[in-house]
Amino acid sequence: MADPSKRPHRKQSPYTVDRGIPGAYAGETVTRRRLFTGGALAAGGIASAAFGLPALGFALGPLFERSEAPNFQDVGPESDFNPETYVAKVITIDPYVGEPGKTTVYVRRFDPTRDTDKLHQPYVAISNRCMHLGCPVRYVSASERFICPCHGGVYEFDGKVAGGPPVRPLDRFDTKVVAGRVKVGPRFSLDSHLHRHKVRDPSNHLDGLWQYIYPSRPTT
Ligand code: FES
């Protein structure tokens, strides 16, 4: 008996009539079942993309937003500041959105007898963005604390968490002095020991294993 695998291969006709498919008609090359199956799959794919792609864009878009002004900004002469209390200044963190791109920054002179951080900044410039969900905190000089009005977050004089839900100290900005004027630069984040990190969003932990669950965005 001849080996079937050795039989010469006959090319199958493209016409459904020649292939003996029930209900075929002359000139047809694609069965109606295949046509409707393919059409249904294509329609399903288009519908899924119509819902899925915008959602993906909303989810991934913020990863690539640039939201920090890269340059140092003048916040006043050195004589405006002292080591005992903070002075509120306004800087621009996003130059492309007008007024909403401005923020309050609390600035004071570094105090080597009181400050324990090793950040080597001549001035302490603290962000008013709460590290719980981002509400604006306010410095209360009577208690030497930063207070968040939203959920009761409290921060110490140097920005460390004193109570409430915030997960890490308040962010800071780089500072430098040029010709007697104080300049405030890019933002950076801090862990609970006031060690410097790449800037993170509010609610992102920077201590222990939690920091690996909240990786930084590529453009922050
Ligand atoms: S946003 Fe500040 S405590 Fe919740």
Using side-chain heavy atoms (C-beta onward) and a distance below 4.5 Å, is [X] in contact with [Y]?
{"X": "His132", "Y": "Cys148", "result": "no"}
{"X": "Cys130", "Y": "Pro202", "result": "no"}
{"X": "Gln73", "Y": "Val105", "result": "no"}
{"X": "Arg200", "Y": "Arg168", "result": "yes"}

Answer yes or no: is there a donor N or O on one side and an acceptor on the other, between the side chain of [X] and the main chain of [Y], under 3.5 Å?
{"X": "Asp207", "Y": "Ser192", "value": "yes"}
{"X": "Thr104", "Y": "Asn128", "value": "no"}
{"X": "Gln121", "Y": "Thr175", "value": "yes"}
{"X": "Tyr155", "Y": "Val137", "value": "no"}
{"X": "Asp115", "Y": "Asp117", "value": "no"}

Is it the case that one hydrophobic cluster holds both [X] and [Y], taking links as side-chain heavy atoms less than 4.5 Å apart, direct or via other members?
{"X": "Ile126", "Y": "Val107", "result": "no"}
{"X": "Ile93", "Y": "Val184", "result": "yes"}
{"X": "Tyr106", "Y": "Leu170", "result": "yes"}

| field | Sulfur-sulfur distance Cys150/Cys135 under 2.5 Å | value | yes
Nearest 0.5 angstrom please: [X] [atom1] to [Y] [atom2], how far?
{"X": "Ile91", "Y": "Lys102", "atom1": "CD1", "atom2": "NZ", "result": "11.5 Å"}
{"X": "Arg181", "Y": "Ser79", "atom1": "CZ", "atom2": "OG", "result": "8.5 Å"}
{"X": "Glu84", "Y": "Glu144", "atom1": "CD", "atom2": "CD", "result": "9.0 Å"}
{"X": "Leu190", "Y": "Met131", "atom1": "CG", "atom2": "CE", "result": "9.5 Å"}

| Quick one: which of Asp171, Asp94, Asp201 gives a salt bridge (Lys or Arg N to Asp or Glu O under 4.0 Å) with Arg187? | Asp171
| request: Verify side chain to side chain contact (heavy atoms under 4.5 Å, CB included) between Leu119 and Arg172, making sure each step is shown before the conclusion. | output: CA-CA 10 Å; Leu119 298 166; Arg172 294 193 188 184; 3.7 Å; yes
| How close do Ile147 and Val140 get, heavy atom to heavy atom, and via which atoms? | CG1-CG2, 3.7 Å
| message | Testing the basics here: between His193 and Asp191, what is the closest heavy-atom pair and its distance to 0.1 Å? | response | N-OD1, 2.9 Å
| message | Regarding Arg196 and Asp174, does a basic nitrogen lie under 4.0 Å from an acidic carboxylate oxygen? | response | yes
| request: Could you walk me through whether Asp80 and Val87 pass side chain to side chain contact (heavy atoms under 4.5 Å, CB included), step by step? | output: CA-CA 8 Å; Asp80 276 6; Val87 178; 5.5 Å; no
| request: Show the numbers, then the answer: is there a side chain to side chain contact (heavy atoms under 4.5 Å, CB included) between Glu78 and Arg109? | output: CA-CA 8 Å; Glu78 284 200 271; Arg109 209 174 278 190; 4.3 Å; yes
| task | Sort out for me which residue in Tyr86, Phe81, Phe110, Phe72 forms a ring pair (Phe, Tyr, Trp, His ring centres under 6.0 Å) with Tyr123. | result | Phe81
| request: Determine the interplanar angle of the Phe146 and Tyr139 rings, folded into 0 to 90°, and report it as parallel if under 30°, tilted if 30 to 60°, perpendicular if over 60°. | output: tilted
| task | Apply side chain to side chain contact (heavy atoms under 4.5 Å, CB included) to Phe157 and Val124, showing your working. | result | CA-CA 11 Å; Phe157 183 66; Val124 177; over 6 Å; no
| For residues Thr103 and Arg129, is any side-chain donor paired with an opposing acceptor at under 3.5 Å? | no
